[in-house]
Enquirer: 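This is the structure I want to talk about, given as structure tokens.
Within every chain, numbering begins at 1; the chains are lettered A, B, ... in the order of the sequence lines, protein sequences first and strands thereafter.
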Amino acid sequence: MNLSAMNFILLPLMILIIVIVLRDIMPFIRTKMSGLFTWKRSFICAGLYLGILVLMVPILYVLPNEGFIKVSNNGDQASTLSQNVLSDLYTNKSNLPLDLDKQQGLYKTSTQTFKTDTKKLSFNLDPNFNPPLIFVERKAVDDGEINVSTYAGTQSVGGIDFTKLILPPAMSFRNGTLSFQSNNRQVLDLKQFNADVTVAQFKNGILGSIQSPSANFGFGQVIYLRIPKSLELDKGAYSDQIQMISGT
Amino acid sequence: MSSKKVSLMSISFKQYSYKLRAHTGLLNRLLLTQILALLLSLLGTSSMGAGSGQLSVTVRSYSANMVIVFSILWVMIVAVLLTTKPYKQIEMPLVGNRLTGNLSDVGLLMTASVFAGITSTLGGVLLRDIMYFISDRSTMAVDGFFLTLTDLMFGMVVAILCLGLVSAMGYFIGVLVQANKAFAILIPVATIGALRVYTHLGQSVVEFYIGNVSLLLFALKVMITSIILFGVSMMVSHRMEANQ
């Protein structure tokens, strides 16, 4: 039986049930309830309800404000800054930043270290992965370790900066190949409390209360590698994406 | 013949306290309405979404708007109901006239507005407390979560004033309909017609009350409008009695 046929049967059935409930059951419940709810009991119920609501106020004020997402008042500015930084990194190759940690508009999303005993490093990037910029810096020593850090540009919706919630790319190192796999589609369900309509209209004005918040996101990611001094680099098909910071 | 002199206010107050006890069913319905609105508010009052290839973001907004709107609808219905014959018959066993009946109704509506205004605004606090414990805080924005006491009091005052104004409108409409049943059709037709012809009418009315962003002026406008509406309702009601 298909869905529309089922609806065809269910709809009159539901209407019939609603009619029976409204016509026969509700008056019965009302008669029973009205006997149960004397004016005294009703006042007690109303008093309890008001009391519980009033009690909620001090509870709200003693709740710790930890673990929340901070809302940035200049979220748009931070997003613009991060877009500029990413754009500069892509285009202005001669003026590379050496310390991405201090680069405003970029968030460090993960760090990982891989042991290497091979002489050559090659890459494997997931084709579904938005091409990230990969910066490679040679260390002064041959310590046999590859340090990988991932960064993301500021992402915000309605001022809520959710960059820290973005999952970094999954990475693995096997047989001299560093692989970056895109995560499955990430779904974020963010929550925001707004002022009630009674307060909002006085604070933001009539038009301000109906304006939709802005959304700033792309998926700009930067990967920063620190490799041993003598490790040979095989850029393969990714020569446009991989840039050396120092050394060769 | 009794030599005891009774004042208008004392009779009105007696009727008011009698009605307050007689109409507790309406109070129970407010509690049920607000609890239902609160449960619906837990799903979020509005949401916006954005997405790219690998990421989808939805921002759900939470507020007590639904509780306030449901309370406004409740007070409107109560105001209209109070003018109907079954509710007016409650006054029968008491000594009084049409004016004392109307004054007690106004008192009842003001009490209802104050109670509904306070509880609907505090509903927003309950909503926040519930969300704090049932929801993942790492996906919740801190901004707007912790209401300031000033905002809370401000919200209560504005909600009470709004409910008072709506109750005055509802009472006025109810009295007009009782005076002449044709108003039951004329009022909605005239309202819808006016809104269709003058598309900015609704916005202009709202702007008239809150356009200048001053609570004092808003309160003054609301109180004057409510007094006028209740006054006209009493006059119409008095004439009904004279005609009958």
Enquirer: Between B/Thr111 and B/Tyr16, is any side-chain donor less than 3.5 angstrom from a side-chain acceptor?
Expert: yes
Enquirer: Below 30° counts as parallel, above 60° as perpendicular, anything between as tilted: where do the rings of A/Phe68 and B/Phe145 land?
Expert: tilted
Enquirer: Write out, in numerical order, the residues from residues 160-168 of chain B with a heavy atom short of 4.5 Å from a heavy atom in chain A.
Expert: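 Heavy-atom contacts from residues 160-168 of chain B to chain A are absent.
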Enquirer: Can you see whether B/Phe208 has B/Lys221 sitting over its ring - NZ or CZ less than 6.0 Å from the centre and within 45° of the normal?
Expert: yes
Enquirer: Given that the side chain runs from C-beta out, which part of B/Thr150 has a heavy atom under 4.5 Å from chain A: side chain, backbone, both or neither?
Expert: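 For B/Thr150, there is no contact with chain A at all, as no heavy atom is under 4.5 Å.
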Enquirer: By a 4.5 Å heavy-atom criterion (distance strictly below it), what part of B/Ser135 contacts chain A: side chain, backbone, both, or neither?
Expert: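 Just its side chain gets close to chain A.
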Enquirer: Is a side-chain donor or acceptor of B/Thr199 paired with a backbone partner of B/Arg196 at a separation under 3.5 angstrom?
Expert: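 Judged by distance alone, no pair lies under 3.5 Å.
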Enquirer: Could you have a look at B/Leu126, B/Leu30, B/Leu127, B/Leu152 and say which one has the most heavy-atom pairs with chain A under 4.5 angstrom?
Expert: B/Leu126
Enquirer: Let me know if A/Leu165 has heavy atoms under 4.5 Å from chain B in its side chain, its backbone, both or neither.
Expert: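 For A/Leu165, the contact with chain B is made by the side chain alone.
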Enquirer: For A/Thr177 and A/Asn124, which I'm curious about, is there any donor-acceptor pair between the side chains at under 3.5 Å?
Expert: no
Enquirer: Here's a test for you: under side chain to side chain donor-acceptor pair (under 3.5 Å), which of B/Ser63, B/Ser61, B/Ser46 qualifies with A/Asn194?
Expert: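 Only one of B/Ser63, B/Ser61, B/Ser46 forms a side chain to side chain donor-acceptor pair (under 3.5 Å) with A/Asn194, namely B/Ser61.
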Enquirer: Quick one: does any side-chain atom of A/Tyr61 pair with a main-chain N or O of B/Phe146 as donor and acceptor, under 3.5 Å?
Expert: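 Checked: no pair found.
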Enquirer: Between A/Val187, A/Asp189, A/Val197, which shows the greatest number of heavy-atom pairs under 4.5 Å with chain B?
Expert: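 Of the options given, most contacts go to A/Asp189.
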Enquirer: Counting only pairs under 3.5 Å, give me each side-chain donor-acceptor contact of residues 32-43 of chain B, with atom names and distances, residues two or more places apart or in other chains.
Expert:
residue, atom, partner, partner atom, Å
B/Thr33, OG1, B/Arg29, O, 2.5
B/Gln34, OE1, A/Tyr49, OH, 2.8
B/Gln34, OE1, B/Thr119, OG1, 3.1
B/Gln34, NE2, B/Ser71, OG, 3.0
B/Gln34, NE2, B/Thr119, OG1, 3.0
B/Ser41, OG, B/Ala37, O, 2.7

Enquirer: So does A/Phe43 have more than 12 non-hydrogen atoms from other groups sitting under 6.0 Å from CZ?
Expert: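 Yes, because the 6.0 Å sphere around CZ of A/Phe43 holds more than 12 heavy atoms from other groups.
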Enquirer: For each of A/Cys45, A/Ala195, A/Pro64, tally heavy-atom pairs with chain B at distances under 4.5 Å, and name the one with the top tally.
Expert: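 Counting heavy-atom pairs under 4.5 Å, the top option is A/Pro64.
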Enquirer: If you apply the rule ring-ring contact (aromatic ring centres under 6.0 Å, His included), what do you find for A/Tyr224 with A/Phe135, and how did you get there?
Expert: CA-CA 5 Å; A/Tyr224 181 69; A/Phe135 292 102; 7.3 Å; no
Enquirer: If I measure from the heavy atoms of chain A, does B/Asn28 come under 4.5 Å with its side chain, its backbone, both, or neither?
Expert: side chain
Enquirer: Looking only at side-chain N and O atoms, does A/Thr198 offer a donor or acceptor that is under 3.5 Å from a partner on A/Asp196?
Expert: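 The criterion, which ignores hydrogens and geometry beyond distance, is not satisfied for A/Thr198 and A/Asp196.
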Enquirer: Taking every non-hydrogen pair under 4.5 Å, which of B/Asp129, B/Val59, B/Leu27 racks up the most with chain A?
Expert: B/Asp129
Enquirer: Could you tell me which portion of A/Pro58 (side chain, backbone, both or neither) has an atom closer than 4.5 angstrom to a non-hydrogen atom of chain B?
Expert: neither
Enquirer: Output the option from B/Met131, B/Met156, B/Arg128 having the highest count of non-hydrogen pairs under 4.5 Å with chain A.
Expert: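 Most heavy-atom pairs under 4.5 Å with chain A: B/Arg128.
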